[in-house]
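Shown next, in structure tokens, is the structure this report addresses.
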Amino acid sequence: MKKIKIRWLTIVNALIYLFILAPLAVVIISSFHPGDVLLFPPKGFSWRWYEYVLTSGRYEEPFVSSIKIAIITTCVSLPVGTIIAYALARYDFRGKDAMQALFLSPLVVPTMLLGIGVLMMFSAMGLKMYFTRLVLAHIVLTIPYVVRTMLASFAGVKRLTEEAAIVLGASPFKTFFLVTLPQVKSALAASAFLSVIMSFDELVVALFLTGPGLTTLPMIIYSDTQFNLSPSLAAISSLTIMATVALGLIMVAAMRRKKKF
Amino acid sequence: MSQLLIANLCKKYGDNVVVDDLNLEVQSGEMVSLLGPSGCGKTTTLRMVAGLNEPTSGSIKLDGKELTVIPPHKRNVGLVFQNYALFPHLNVFDNVAFGLRRRGVPKREINKRVEEALHSVRLSGLESRMPAELSGGQQQRVALARTLVLQPPLVLFDEPLSNLDAKLRTILRVEIRKLQQEFGFTGIFVTHDQEEAMVLSDRIAVMNKGKIAQIGTPREVYTTPADEFVADFVGESNMLAAESAEDAGAHWRIRLAGGHAVMAPKREGVSQPKLVMIRPEAAELSNGQAAKEEEMNSLEGTVSFIQYNGSSYAVDVDIAGMEQPFKVKIQDARDELALRTGDKVKVRWAFRSTFIL
């Protein structure tokens, strides 16, 4: 009886993994199609489209823009989100519940609405710098993810260790950097990772806020699906997937090492 | 080595008074225990001295300097926590060096002092271990070293032994007492374990409902409790309600429930005895006719329960007309107890072991 149950669960598990991973596999496999039109399954094998992606220069600028936006966004959202999470975790103040609800429900507002709202606001303000306004919007988008991750992690830091540091002579400020933050290192890394990925991957708000001269990688991929359905699309996607997986693995490895204590 | 003076200290959370107008004076180099049940305000008092809780009102002075206006990280008061509160990301050496580094002590001196501190808590050689790799007793020793390395004039202990097993507790409490005498710091030790308080302290302050019910040497608190609460909380006791008392010269003749009567020495401050207290170890049991002795109280009853504790026996005796069984502790357990449950016995104790409240 028990054995059958386990086997059944295994099958369900396998199906779930298949459902998640199959689309990625399809993209990767079809990126090797030598022909001009995206096709699955591919007829033949070739590196042609990878060569094209890496040498044509078509994707270089959007890639660099996306990376820049993702990194600058994270440089702001990580510290700000961390401080907000710490305040929510440690202090009682007026409106705390409302603030917590706001930061813990990042998916409540559709990005479409956010995009329109932010566009109208920036237009009214006369802010026309595409790069800056996209970064600002991405900061708004990514902070909730940082807050959410850090809040859970701060809950695991014993208040007593902070009190011990204070009694031993560390100011509250020093205590935060010497005792609190080192205990949430892996959550910081995870938050940064999430924030970079969220921003790097973001399309909708980017479509609203950018203009001539600024294209992000998701934007060019999206435009390719509409006007240029060649395997180059699959190749650039595959490269992105690989880079993400590699980054993720490095993070996991780093966390494993730190878990020693 | 400093004198601590707590005056009119209060802590209220809304209408809930946790510490109620507390006054306490701790002499230089003295170790005072705050003993009481959970919720009596002892930990809150300690945390206010450390600066981790802010008093609602009152003053805390160390060597004449008002502490309440100094932020906690500048008070230079040691605090040892119940849950050790070691920094999990730092090894033993860095944990102990933490306070020294905050004070800008030169590196060479840090090495020397950390080494000495670890030596005094018998942890030499474990400098590079992480806290998670240590046993509970070792962790608490690191916490002790981390505090003592700073040579604070005042060290506060917040039930530091509660999380350890019984055997380790008895070892560590002696070590703490020896360290206190060696380093000569003034100490306040919060505990709910009366035995711990007895072993560790010069004086015990028994706390109840945010106030100090009695303060005195362990012997004073045990032999002459100030009220029913102290008598009941410190040590085991038989409390018998007095129905009436008549003057019999140097003694009171006290009538108890069930028509029994006992003699108790008079004592200053008690004009009308309400309670009679007899410690279980002051009483003895005899079956049959014992030789008549002067100055002994005696009650007849039936053995209802016997516990063997290794070094002693604890016997409950039901006495007609009394609600609670009379507890008798038989210290000498070398021979097997000749009593069985249901046996008729006489409980006897000296007049002078009868304490009135």
Side-chain angles (χ1 to χ4, degrees), chain A residues 78-79 82-83 85-87 89-94 96-97 149-192 251-261, chain B residues 43 46-47 49-53 67 70-92 94-105 128-134 139 142-150 152 154-160 163:
Chain A
L78 186 64
T82 300
I83 290 165
Y86 190 71
R90 281 288 183 264
Y91 300 103
D92 268 320
F93 49 87
R94 224 174 222 272
K96 175 177 166 166
D97 289 343
T149 312
M150 294 313 295
L151 192 56
S153 187
F154 281 133
V157 175
K158 287 199 188 103
R159 177 84 187 118
L160 279 181
T161 59
E162 295 170 339
E163 290 182 343
I166 288 172
V167 172
L168 288 169
S171 64
F173 190 72
K174 277 217 162 128
T175 298
F176 182 70
F177 283 98
L178 292 172
V179 172
T180 313
L181 279 189
Q183 292 186 63
V184 294
K185 263 188 212 157
S186 25
L188 277 174
S191 302
M251 275 228 357
V252 171
M255 268 191 244
R256 279 259 170 82
R257 224 157 40 88
K258 269 167 202 142
K259 266 282 143 63
K260 252 191 91 189
F261 60 75
Chain B
T43 292
L46 199 76
R47 289 175 60 88
V49 176
L52 296 174
N53 286 4
L67 276 188
I70 305 173
H73 66 279
K74 289 187 179 151
R75 286 194 188 187
N76 197 24
V77 165
L79 175 55
V80 180
F81 294 87
Q82 179 178 351
N83 300 312
Y84 327 132
L86 296 181
F87 307 125
H89 60 294
L90 299 178
N91 66 21
V92 169
D94 291 332
N95 261 281
V96 178
F98 189 89
L100 294 172
R101 290 195 176 129
R102 301 289 77 73
R103 284 160 177 76
V105 175
S128 55
R129 295 273 190 93
M130 296 309 273
E133 299 169 330
L134 302 175
Q139 289 190 45
V142 175
L144 273 171
R146 183 174 71 172
T147 298
L148 296 181
V149 77
L150 301 172
L154 174 68
V155 180
L156 312 170
F157 297 88
D158 186 10
E159 307 207 25
N163 284 10

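- Note that CG of B:Asp94 and CG of A:Leu178 are 11.0 Å apart. Values are rounded to the nearest 0.5 Å.
- Residues A:Lys174 and B:His73 have side chains not in contact (no heavy-atom distance under 4.5 Å, counting atoms from C-beta outward).
- Here the CD atom belonging to A:Glu162 is positioned 11.5 Å from the CG atom belonging to B:Leu52, to the nearest 0.5 angstrom.
- Of the two parts of B:Arg75, neither the backbone nor the side chain holds a non-hydrogen atom closer than 4.5 Å to a non-hydrogen atom of chain A.
- Atom OH of A:Tyr91 has 12 or fewer heavy atoms from other residues, nucleotides or ligands within 6.0 Å.
- The minimum heavy-atom distance linking A:Ala164 with B:Ala85 is given by the pair CB-O, 3.8 Å.
- Looking at B:Leu79, the atoms closer than 4.5 Å to chain A (heavy atoms on both sides) sit in the backbone and in the side chain alike.
- Of the two parts of B:Arg146, the backbone and the side chain both hold a non-hydrogen atom closer than 4.5 Å to a non-hydrogen atom of chain A.
- Across all their heavy atoms, B:Phe87 and A:Thr161 have their closest contact at CE2-O, 3.1 Å.
- Here the closest non-hydrogen pair linking B:His89 and A:Pro182 is CD2-CB, 3.2 Å.
- Contact of B:Leu86 with chain A is made through the backbone alone, with heavy-atom distances under 4.5 Å.
- Looking only at side-chain heavy atoms (C-beta outward), B:Arg102 and A:Leu168 stay at 4.5 Å or farther from each other.
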